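A short write-up of the structure that comes next.
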Amino acid sequence: MVGKKSGSVDTLLIEKRIISPPQSFRENARINSRKQYEEMWRKSIENPDEFWGEMAEEHIDWFKKWEAVEEYSFQDDVFVRYYRGAKLNASYNCLDRHLRSWRRNKAALIWQGEPLEESRTFTYLQLYREVCKFANVLKGLGVKKGDRVSVYMPMIPELAIAILSCARIGAIHSVVFGGFSAEALRDRLLDSKANVLVTANYGMRAGKLIPSKTNVDLALAGCPDVKNCIVVKRVEKDCNMVEGRDQYWDDLMSSASPFCEAEVMDAEDPLFILYTSGSTGKPKGVLHTTGGYMVYAATTFKYVFDYRDEDVYWCTADIGWVTGHSYIVYGPLAAGATSLMFEGVPHYPEPDRYWEVVEKYRVSILYTAPTALRSMIKSGDHWPLGRDLSSLRLLGSVGEPINPEAWMWYHYVIGREKAPIVDTWWQTETGGILITPLPGCISTKPGSATLPFFGVNPKVIRQDGSEAGVNEGGYLVITKPWPGIMRGVYGDPERFKNTYFVQYPGVYFTGDGARRDEDGYIWLMGRVDDVINVSGHRLSTAEVESALAAHPKVAEAAVVGYPHDIKGEGIYAYITLKDSVELTEELRYELTMHVRQEIGPIASPDVIHFTSAMPKTRSGKILRRILRKIASGDIDQLGDTTTLADRAVINDLLNTVN
Ligand code: ATP
Ligand code: MG
């Protein structure tokens, strides 16, 4: 029920369902008792040097070992350092490390193109050769350790090859989503001060060709420092090539040597820059370094996905998002896994495309986002039910809070009750997963990311900094670093400190709201910026949305506050309906009553706005800051819209304003 403590967020939605790991899964899991998890977690917090020293020995090959493991300050002069003085190379760990064993002939990357008939497989040895070749191409263009190389590409193998090649020679890669506009690309090229760009002539999306190179030309008109542009021919079709600047990938690769010594990198040398999704404002250029990031990516990959050599692992994210960096490329390849890379989208050519891929490759671990799940729920269950999904043994979710109904659908319709679900909470800034169940030992509750990963000590605090009580919503902070934490905002040291360490000195401020329940489970409640203040009650958008999405006719809900004369803020709900549902006036009433019943009258929406689609980032997150502007009638200043996946959605929304 609604509480009224000042500065905390009211908890309205209490989910009671608990699902234990299936016996068959638990028996073979890497960690299969809560006690074992707790012992390891305690050690990771009480003795981080020993814990992260052991993980580093086990998961990574080092050219030189460290003098100290963990050193940091979260106060005043904020800094974080792991593995002082140690030397390694990230690409070496993803490739060379496996060439000594039978894994050299194991599939490292399986690529499925958008066209059904297009696919390619690279063994570790083959991938190694391609990476060495492209590393030599980059060297030939004068790229050196520390230089920034920007990558703007569709989801094709050359994207993975390009970033591993950068890592091989110590260049810092900055991947920009292949679907971004010229403007978004230009901003990121300028911000990262890149002087080489790797791209493709075209991209493919839902059967249509996207003129990537045309965007590139527009962007590069404003980036005089980009001296070289390398173009992969995704399709046999000509594109504009600028003499002296642009060269085709194949032409450069044909004469490149397949041997390239891996550059010896310091543990704290930068590995990449990656921009956040821009859900809450201007994207931040997050900088990650080599040693801690690699240890963290490899360790989380192994334990969270309970990874085995025989798994076929598929993360559906785009590599332009941090999930693709850590869990398509670096984590899985460091672990010697078979990582599937997919160019297509969930609904093309039919709404069962994901399930067709799972069936074709016998995927055993699937890691996807709530946005994809909700879009598939919208299309109807007959699509997944028509496919053989029996190979799936573990399911993952990332990117947004997963509403309990979508969770249950994932559990029944996709996992068929035998695959545990790991709802993984993390951020671009965190480098890897921070809060997640370990699938063999933690009972799950639909909608909760459950418990911290090793080395992670989260706390939920009130506005005044005191610790929130059980089920009391507050701000999620992390009290100490973990190896994968970002080391800075590229080119803006003050922004790093001011964004994450100033509000509450001494802890890392995540910007997300959360509560901890009576079992210590963490429930994410949406962004701190998105809390709605209705007549003095501070409500979490995620909870109101979950209540709306639990209605059988609703596919997706997004809730924001807007100025309200009496209540201070009113609740404005954007709703998309399932495909089979007809929109009627009664439905508005029905949904309002439904929310009243589920979580109480305080949360019932003042406005319901039916829309065919939500404005989303390329990583599939709903852009509530834009919805908030539309709800308040503030439509002239929508803020940074360059991170939108599809700008047409905005016009649709404006045309249907209530
Ligand atoms: P910006 O920081 O530019 O506003 P962003 O926060 O959306 O963009 P990302 O780093 O891609 O950029 O996303 C991290 C955020 O995604 C988290 O802070 C959280 O709000 C949300 N998130 C990710 N995974 C989960 C999850 N499992 N449950 C709830 N929220 C999640
Ligand atoms: Mg963020």
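Residue indices begin at 1 and follow the sequence shown. This one's a predicted model, so the numbers in the text were calculated from it and none came from an experiment.
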A side-chain contact here means heavy atoms from C-beta on lying under 4.5 Å apart; do [X] and [Y] qualify?
| X | Y | result |
| --- | --- | --- |
| Val363 | Leu392 | yes |
| Thr368 | Tyr354 | yes |
| Ser546 | Trp407 | no |
| Ile414 | Met376 | no |

### Query
Can any side-chain N or O of Thr510 pair as donor or acceptor with the backbone N or O of Val477 at less than 3.5 Å?
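Checked: no pair found.
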
For the pair [X] and [Y], name the ring-plane relationship: parallel under 30°, tilted 30 to 60°, perpendicular over 60°.
| X | Y | answer |
| --- | --- | --- |
| Trp482 | Tyr296 | tilted |
| His288 | Phe272 | tilted |
| Phe305 | Phe301 | tilted |

Salt bridge (charged side-chain N to carboxylate O under 4.0 Å, His left out) evaluation trace for Lys35 with Glu39
CA-CA 6 Å; Lys35 185 164 162 279; Glu39 277 168 14; 3.3 Å; yes

Between [X] and [Y]: side-chain donor-acceptor atoms closer than 3.5 Å:
| X | Y | value |
| --- | --- | --- |
| Tyr327 | Thr300 | yes |
| Ser279 | Ser277 | no |
| Glu518 | Asn471 | yes |

Requested in this report: Let me see the working for Thr323 and Tyr367 under side-chain hydrogen bond (donor to acceptor under 3.5 Å, both in side chains), right down to the final yes or no.
Outcome: CA-CA 10 Å; Thr323 307; Tyr367 191 30; 5.4 Å; no

Testing Lys616, Lys578, Lys621, Lys378 one by one against Glu556 for a salt bridge (Lys or Arg N to Asp or Glu O under 4.0 Å), which residue passes?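 The single option meeting the salt bridge (Lys or Arg N to Asp or Glu O under 4.0 Å) with Glu556 is Lys616.
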
Q: Check step by step if side-chain hydrogen bond (donor to acceptor under 3.5 Å, both in side chains) holds for Tyr293 and Ser326.
A: CA-CA 9 Å; Tyr293 172 83; Ser326 301; 2.7 Å; yes

Does OH in Tyr412 sit with more than 12 non-hydrogen atoms of other residues, nucleotides or ligands closer than 6.0 Å?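 Atom OH in Tyr412 is not packed in, count stays at 12 or less.
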
Check your understanding: What are the two closest heavy atoms between Pro439 and Asp306, and how far apart are they?
Key ->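 Answer, listing the atom of Pro439 first, then Asp306: CG-CB, 3.9 Å.
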
* Electrostatic pair Glu405-Arg17, nearest N-O below 4.0 angstrom ->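 Salt bridge between Glu405 and Arg17, a charged N being under 4.0 Å from a carboxylate O: yes.
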
For residues Trp52 and Tyr83, establish whether the separation of their ring centroids is below 6.0 Å.
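Ring centres of Tyr83 and Trp52 not closer than 6.0 Å.
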
